[in-house]
Asks: 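Mind looking over this structure? Questions follow.
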Amino acid sequence: MILEDFNLENAERRLCNEALTTAGNIVGAAALLGITRHALKRRIVKLGLEWPRRGGQSAAVSASASAHTS
């Protein structure tokens with residue numbers, strides 16, 4: 001993976017997205033990143049990532065993320 005800049009938040013967003021896409025679930029993605037499932041969930045909310053990409057929780061995650069950024 002090549003980063004376009006040294007922006008830590010963008011790099012974290014990209015790594016989380018890659019791990020989620022590769023693993024297909026939060027538990028596997030957290031293992032790839034070397035963090036706990038709870039730590040990854042906090043990052044998903046903090047970064048405003050939509051996960052799961054399909055299903056009922058994505059709206060809740062997005063709404064929660066919006067509340068933190070407002």
Side-chain angles (χ1 to χ4, degrees):
M1 176 183 300
I2 298 174
L3 300 174
E4 290 82 34
D5 55 26
F6 289 102
N7 184 301
L8 187 58
E9 188 171 321
N10 287 343
E12 187 175 20
R13 179 177 285 109
R14 202 159 158 210
L15 280 169
C16 288
N17 271 325
E18 278 292 319
L20 287 164
T21 300
T22 300
N25 61 57
I26 290 175
V27 174
L32 287 173
L33 294 169
I35 60 176
T36 66
R37 174 178 59 91
H38 296 288
L40 181 54
K41 283 185 174 185
R42 285 192 303 270
R43 282 177 173 83
I44 288 170
V45 170
K46 177 185 120 182
L47 298 169
L49 302 177
E50 286 194 36
W51 192 264
R53 300 217 167 102
R54 58 191 181 287
Q57 272 190 330
S58 64
V61 171
S62 295
S64 179
S66 297
H68 289 308
T69 58
S70 299

Asks: Holding to side chain to side chain contact (heavy atoms under 4.5 Å, CB included), I want the full list of residues that pass it with Asn7, two or more places apart in sequence or in another chain.
Replies: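 Listed in chain order: Asp5, Glu9, Asn10.
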
Asks: Hey, could you give me the CH2/CG distance between Trp51 and Leu20, rounded to the nearest 0.5 Å?
Replies: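 Trp51 CH2 to Leu20 CG: 5.0 Å, rounded to 0.5 Å.
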
Asks: Could you pull out all residues at least two apart from Arg14 that satisfy salt bridge (Lys or Arg N to Asp or Glu O under 4.0 Å)?
Replies: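 Per chain and number, Arg14 pairs via salt bridge (Lys or Arg N to Asp or Glu O under 4.0 Å) with Glu4.
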
Asks: Check Leu47 against Arg13 and note the closest heavy-atom contact, atom names and distance.
Replies: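 Smallest heavy-atom distance, with atoms named: O-NH2, 3.1 Å.
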
Asks: Quick check for you: to the nearest 0.5 Å, what is the distance between Thr21 atom OG1 and Glu18 atom CD?
Replies: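 Between Thr21 OG1 and Glu18 CD, I get 6.0 Å after rounding to 0.5 Å.
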
Asks: State the CG-SG distance between Leu32 and Cys16, to the nearest 0.5 angstrom.
Replies: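 Here the interatomic distance stands at 11.0 Å.
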
Asks: Please report the closest heavy-atom contact between Ala23 and Ala29, naming both atoms and the distance.
Replies: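 Where Ala23 meets Ala29 most closely, the heavy atoms are CB-N, 3.2 Å.
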
Asks: Establish whether Leu49 and Leu15 are linked, either directly or via other cluster members, by ILVMFWY side-chain heavy-atom contacts under 4.5 Å.
Replies: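 Yes, because Leu49 and Leu15 connect within a single hydrophobic cluster, where side-chain heavy atoms sit under 4.5 Å apart.
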
Asks: List for me each residue that meets side chain to side chain contact (heavy atoms under 4.5 Å, CB included) alongside Ala11, sequence neighbours excluded, and say none if there are none.
Replies: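 Expected list: Leu3.
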
Asks: In chain order, what residues pass the side chain to side chain contact (heavy atoms under 4.5 Å, CB included) check against Ile35, with sequence neighbours excluded?
Replies: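 By the side chain to side chain contact (heavy atoms under 4.5 Å, CB included) rule, Ile35 matches Ala30, Leu33, Ala39, Leu40, Arg43.
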
